[in-house]
Protein chains: 2
Amino acid sequence: MKAKITLKDIARELEVSISTVSKALKNSEEISRDTKEKVQAFAKLYNYKPNNIAISLKNKRTKNIGVVIPDIVHHFFTTVIRGIEKYANARGYNVIVCLSEESFDKEVINMEMLANGSIDGFIMSLASQTQEKGDYNHLKEVTDQGIPVVLFDRITHEIDCDKVIIDDELGAYQATKKFIDQGKKKIALITTDDYLSVSKARTKGYWKALQESEMGADESMILKMPSMEMDEAAIKDFLNAKEPDAVLCVNEIFAVYSMRLVQEKGLRIPEDIAFIGFTDGVLSKYANPSLTVVAQHGEKMGEESARMLIDKVESEAEEETYQTKILEPTLVIRDSIAH
Amino acid sequence: MKAKITLKDIARELEVSISTVSKALKNSEEISRDTKEKVQAFAKLYNYKPNNIAISLKNKRTKNIGVVIPDIVHHFFTTVIRGIEKYANARGYNVIVCLSEESFDKEVINMEMLANGSIDGFIMSLASQTQEKGDYNHLKEVTDQGIPVVLFDRITHEIDCDKVIIDDELGAYQATKKFIDQGKKKIALITTDDYLSVSKARTKGYWKALQESEMGADESMILKMPSMEMDEAAIKDFLNAKEPDAVLCVNEIFAVYSMRLVQEKGLRIPEDIAFIGFTDGVLSKYANPSLTVVAQHGEKMGEESARMLIDKVESEAEEETYQTKILEPTLVIRDSIAH
DNA sequence: TGTCAACACGAAAACGGTTTCGTTGAATAT
DNA sequence: ATATTCAACGAAACCGTTTTCGTGTTGACA
């Protein structure tokens with residue numbers, strides 16, 4: 001077990017000062033060729049690597065970015081993290097991941113843990129409980145301290161910061177329009193409660209498309225689930241009662257489960273009933289039939305978020321200008337609709 | 001924008017020394033009631049929080065643990081991270097996630113980045129390229145420096161450290177046995193190349209179960225895919241050529257895709273052909289029919305890994321004793337086999 | 001009244017770097 | 001021979017804590 005070597009060790013061994021070693025390793029003009037070569041050779045030999053913590057303390061930059069998300073098992077968040085990680089890593093940053101598990105308290109605790117010097121900025125997506133509660137003081141505190149924050153997907157307009165979202169309303173609108181164009185007459189929506197910013201936007205897009213159509217929108221064709229958890233009975237009852245010929249679901253799971261239900265009833269997909277979901281995950285791709293979805297481009301979203309955050313972190317300027325980047329969703333056509 | 005307040009600020013404001021402030025905040029006996037109350041009140045008022053970086057530098061403990069995994073989009077790794085995160089967080093640790101993306105070089109770079117003070121220990125699962133190459137010098141260097149490492153799932157026996165695995169051989173053995181007990185006669189295996197430690201173990205279990213049976217094992221009933229990527233044509237050809245009545249797959253995706261292929265051919269699942277996969281992910285649960293799988297208990301695995309790592313990090317003792325924890329897989333019975 | 005604890009606090013080193021600002025000695029200019 | 005310049009290096013401050021080791025003041029006791 002060979003412990004890590006420090007500048008002090010090198011200085012002692014070579015009988016020069018710590019400053020000289022530091023400068024020599026940075027190839028400073030101040031130091032003679034001889035000394036530089038000697039120091040660098042020694043450093044290489046003993047595999048000297050500067051201590052990140054010491055450097056962080058000195059320049060008040062950690063090169064870490066904190067990511068606080070509700071869940072990691074959901075495919076969408078997973079792809080976002082990957083996007084963040086790839087981009088951040090390429091720029092020399094590490095990613096600290098914290099899970100709020102949809103809990104307001106955990107979100108607060110995690111942010112507090114990280115805000116005390118551990119990170120240079122936050123990328124986050126709000127916990128459902130936070131959006132429900134509408135309490136964003138923990139975010140305000142962090143931004144007040146001058147720590148940059150980028151909000152993605154589940155955002156709030158009450159905080160001034162950079163944001164990255166996809167146009168959920170447009171995605172739902174296009175999906176619904178697709179159904180209408182295909183001659184579907186009873187188009188249902190299975191969603192979650194409106195406190196989630198994304199669900200709200202999707203419902204809006206669905207509603208708008210139907211209102212613009214001849215048939216108009218009908219409140220009773222919308223099933224609002226109280227949480228993200230599957231309530232299998234609720235979906236079953238809803239589908240039996242309404243007998244839609246097209247269903248838009250706010251996630252993959254609702255859609256795939258619904259497809260199975262109607263298949264058991266003997267309905268054909270997409271002839272008798274068509275489906276479109278949100279999130280282009282593994283489930284959609286391998287479902288039977290494969291599921292048409294509104295792709296959210298999570299990886300791209302992560303990359304954009306990381307870019308915005310790091311740019312802000314590294315910009316000396318204290319401009320208080322924030323932008324909201326809106327990514328366009330795309331419809332990935334698969335076998336759950338006619339084509 | 002109110003910047004963070006430091007001990008020095010409090011000391012200046014209250015006209016005491018920094019040491020006094022530090023002690024007062026720690027409720028030291030050395031400090032008088034009066035002073036302590038004054039300092040604590042002031043600290044509360046200005047929301048003083050100690051700087052993590054400074055503390056890290058002082059006690060050479062970061063309370064961060066580095067997790068280096070091949071991929072995050074795979075459900076299994078995702079659940080492991082969740083397990084790590086939950087447990088680590090409960091013990092006051094943060095999790096820094098790095099992705100090797102199955103690349104040896106990225107694995108090395110990530111470890112080097114983190115090893116210079118950023119973390120107290122590593123939890124990792126080896127990149128396929130690393131296992132293929134058999135080069136573990138980057139791990140050796142880290143352990144030589146006294147940094148604790150816990151390897152999970154994709155491990156190597158060439159490094160002395162704690163390990164957490166599931167008994168992949170047993171899982172495959174049990175699954176294969178299940179097929180045999182159900183009277184299946186042509187039991188196939190779809191796996192990846194043997195350099196992955198887990199694939200190797202699973203193949204071994206499959207082989208053992210068949211050898212113990214009357215029918216014996218047959219090399220030609222094994223399809224080895226060169227990588228984790230889906231090669232749809234290879235699977236199709238294999239299934240058409242061998243016409244198995246039972247298929248064990250080393251992951252969900254191979255299984256679900258194979259199921260769809262045979263369904264298109266008009267075969268009934270599980271009567272004509274049964275399936276068992278590995279990894280109890282969202283795909284298995286919502287596939288049609290739902291897929292019987294060997295559950296790997298990723299979350300438990302993450303939790304165990306984190307426990308072992310943190311215990312080692314916090315133990316002053318320099319015991320050089322390492323243990324390998326073997327988790328038992330369990331068969332989750334669903335509709336892709338008779339029951 | 002002198003001595004000694006006990007109390008309450010401060011100075012300073014340490015963690016491992018970076019960086020500014022001397023300081024030294026030799027070479028050059030005058 | 002003296003003043004000036006420059007190359008090469010070191011001392012020390014600093015980042016924000018913790019912690020050890022004084023130190024001055026007070027009160028009690030002989």
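Labels below follow one simple rule: chain letters A, B, ... track the order of the sequence lines, proteins then strands, and each chain is numbered from 1. All of these numbers come straight from a predicted model, not from anything done at the bench.
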Pair A:Glu102 + A:Arg154: basic N to acidic O under 4.0 Å: yes

A:Lys86 bridged to B:Glu101 by N-O distance under 4.0 Å: yes

Rounded distance in Å - CG (B:Asn52) to P (D:dT18): 11 Å

Short side-chain donor-acceptor distance under 3.5 Å, B:Thr20 and B:Ser17: yes

Matching residue for A:Tyr93 among A:Asp120, A:Thr62, A:Ile84 - test: side chain to side chain contact (heavy atoms under 4.5 Å, CB included): A:Asp120

B:Asn27 CG to D:dT18 P, straight-line distance once rounded to whole Å: 13 Å

Chi angles and distances behind the side chain to side chain donor-acceptor pair (under 3.5 Å) call for B:Glu107, B:His138: CA-CA 9 Å; B:Glu107 192 173 282; B:His138 51 309; 2.8 Å; yes

Note: A:Glu304-A:Arg307 ion pair, threshold 4.0 Å (strictly below): yes

B:Ile31 CD1 - C:dC7 P separation (whole Å): 13 Å

B:Arg33 CZ to C:dC9 C1', straight-line distance once rounded to whole Å: 18 Å

Touch class at under 4.0 angstrom, heavy-atom based, for B:Ser56 against every strand present: nothing

B:Arg61 CZ - D:dT18 P separation (whole Å): 15 Å

Ion pair check, B:Asp153 and B:Lys163, cut-off under 4.0 Å: no

Per-nucleotide protein contact string for nucleotides 10-19 of chain C, where B marks a base within reach and S marks sugar-phosphate only (heavy atoms under 4.0 Å, - for neither): BBB-BBBBBB

Trace of the side chain to side chain donor-acceptor pair (under 3.5 Å) decision for A:Asn94 with B:Asn110: CA-CA 9 Å; A:Asn94 283 122; B:Asn110 279 324; 5.0 Å; no

Salt bridge (charged side-chain N to carboxylate O under 4.0 Å, His left out) assessment of A:Glu29 paired with A:Lys23: CA-CA 8 Å; A:Glu29 296 299 329; A:Lys23 290 170 191 164; over 6 Å; no

Degree of bending, the helix from C:dT1-D:dA30 to C:dT30-D:dA1 (end axes from five pairs; round to 10°): 80°

Atom pair distance, as rounded to whole Å: CG in B:Leu25 and P in D:dT19: 13 Å

Between D:dA8 (P) and A:Glu37 (CD): distance, integer Å: 13 Å

